[in-house]
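Presented below is the structure to which this report refers.
Quick caveat, the model's predicted, so the values are computed rather than measured. All values below were derived from every heavy atom in this structure, side-chain atoms included, with hydrogens, water molecules and symmetry-related copies excluded.
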Amino acid sequence: QLQASGGGLVQAGGSLRLSCTAPGRTISTDLMGWFRQTPGKEREFVAAITWSGEHTYYADSVKVRFTISRDNAKSTVYLMMNALKPEDTAVYYCAADKTGFRSYTLTYLNKPTNYDYWGQGTQVTVSS
C-alpha cells in the first residue's frame, strides 16, 4: 500500500532523496516513518514526521544529515539524505501509523510493530 523509490548507488558524501507514495489512499492523518534494514539485522528506525508536519524525529545516527518532509496534497513523504556514509547502506522502508497523535516518543517510534502499513523497500548503497 506504500511505494518507496529513489534509492541507488552513490559515493560517500553524496546525496539521495527517497520518496514514499500511497497510491489510492490518503496519508494526511498518518504518522509517516522511514526505517532501514541490512541483512541479518533488525529493522532500524531512521526518521518520522507527524501528520501535520509539526514534529519530526530522527535517529541519532542520521541527525543533521537527513531531513524528512511531507506533502499531504500529493500523499508523499520524502527523506532527503545528505553526507551519506557507507554505514547508511541498507534497504529503506517507509511506513504509516494511523494513530494520528500530535506528538510521539522515540520509544514508540522505534518499534516497527506500531506501524500499520509498509512499502516494499528501496536499496541505498553508499560506496567508500
Hey, what do you get for [atom1] ([X]) to [atom2] ([Y]), rounding to the nearest 0.5 Å?
{"X": "His55", "Y": "Ser103", "atom1": "NE2", "atom2": "OG", "answer": "5.0 Å"}
{"X": "Met81", "Y": "Arg65", "atom1": "CE", "atom2": "CZ", "answer": "9.5 Å"}
{"X": "Cys94", "Y": "Tyr115", "atom1": "SG", "atom2": "OH", "answer": "11.5 Å"}
{"X": "Thr29", "Y": "Asn72", "atom1": "OG1", "atom2": "CG", "answer": "8.5 Å"}
{"X": "Ser19", "Y": "Leu2", "atom1": "OG", "atom2": "CG", "answer": "12.5 Å"}
{"X": "Ser69", "Y": "Met80", "atom1": "OG", "atom2": "CE", "answer": "10.0 Å"}

Test side-chain hydrogen bond (donor to acceptor under 3.5 Å, both in side chains) applied to [X] - qualifying residues, sequence neighbours left out:
{"X": "Tyr92", "answer": "Arg36"}
{"X": "Lys41", "answer": "none"}
{"X": "Thr26", "answer": "Ser28"}
{"X": "Thr125", "answer": "Gln123"}

Mind listing the closest non-hydrogen atom pair of [X] and [Y] along with its distance?
{"X": "Ala96", "Y": "Met32", "answer": "CB-SD, 3.5 Å"}
{"X": "Ile27", "Y": "Ala22", "answer": "CG2-CB, 3.5 Å"}
{"X": "Pro86", "Y": "Ser128", "answer": "CG-CB, 3.8 Å"}

Please enumerate all residues that pass side-chain contact (heavy atoms from CB on, under 4.5 Å) together with [X], with sequence neighbours excluded.
{"X": "Pro23", "value": "Gln3, Thr21"}
{"X": "Thr56", "value": "Ile49, Tyr58, Ile68"}
{"X": "Val10", "value": "Leu16, Leu84, Val126"}
{"X": "Gln37", "value": "Arg43, Tyr93"}

Quiz item: Hey, does Asp88 have a side-chain heavy atom less than 4.5 Å from the side chain of Phe66?
Solution: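 Yes, their side chains come closer than 4.5 Å.
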Quiz item: Under a 4.5 Å cut-off applied to non-hydrogen side-chain atoms, are Glu44 and Ser61 in contact?
Solution: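 Contact flag for Glu44/Ser61 side chains = yes.
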Quick check: is [Y] connected to [X] through a chain of hydrophobic side chains (ILVMFWY, heavy atoms under 4.5 Å apart)?
{"X": "Trp34", "Y": "Leu109", "result": "no"}
{"X": "Leu31", "Y": "Leu106", "result": "yes"}
{"X": "Phe35", "Y": "Tyr104", "result": "yes"}
{"X": "Leu79", "Y": "Val124", "result": "yes"}

Exercise. Identify, with sequence neighbours excluded, every residue that meets ring-ring contact (aromatic ring centres under 6.0 Å, His included) alongside Tyr117.
Key: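 For Tyr117 there are no ring-ring contact (aromatic ring centres under 6.0 Å, His included) partners, ignoring immediate neighbours.
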Practice problem: List the steps, then state whether ring-ring contact (aromatic ring centres under 6.0 Å, His included) holds for Trp51 with Phe101. | Solution: CA-CA 8 Å; Trp51 66 268; Phe101 295 151; over 10 Å; no
Quiz item: Looking at residues at least two apart in the chain, or sitting in another chain, which of them share a salt bridge (charged side-chain N to carboxylate O under 4.0 Å, His left out) with Lys85?
Solution: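 For Lys85 there are no salt bridge (charged side-chain N to carboxylate O under 4.0 Å, His left out) partners, ignoring immediate neighbours.
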Exercise. Under the side-chain contact (heavy atoms from CB on, under 4.5 Å) rule, what do Tyr78 and Thr67 come out as? Steps first, then yes or no, please.
Key: CA-CA 8 Å; Tyr78 305 98; Thr67 302; over 6 Å; no
Quiz item: Between the side chains of Thr76 and Asp71, does any donor sit under 3.5 Å from an acceptor?
Solution: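 Thr76 vs Asp71: no donor-acceptor pair found between side chains.
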Practice problem: Not counting sequence neighbours, list each pair that qualifies as a salt bridge (Lys or Arg N to Asp or Glu O under 4.0 Å) and has a residue in residues 102-116. | Solution: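 Listed once each, the pairs are Glu54-Arg102.
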Practice problem: Scan for salt bridge (Lys or Arg N to Asp or Glu O under 4.0 Å) pairs involving residues 89-98, sequence neighbours excluded, and state none if there are none. | Solution: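 Sorted result for residues 89-98: Asp30-Lys98.
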Self-check item: Phe45 ring center near Tyr57 ring center (under 6.0 Å)
Solution: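 No - the distance between ring centres of Phe45 and Tyr57 does not fall below the 6.0 Å cut-off.
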Quiz item: Looking only at atom types and distance, does a side-chain atom of Thr122 sit under 3.5 Å from a main-chain N or O of Gly7, one as donor and one as acceptor?
Solution: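 The answer is yes, because a donor-acceptor pair under 3.5 Å joins these two groups.
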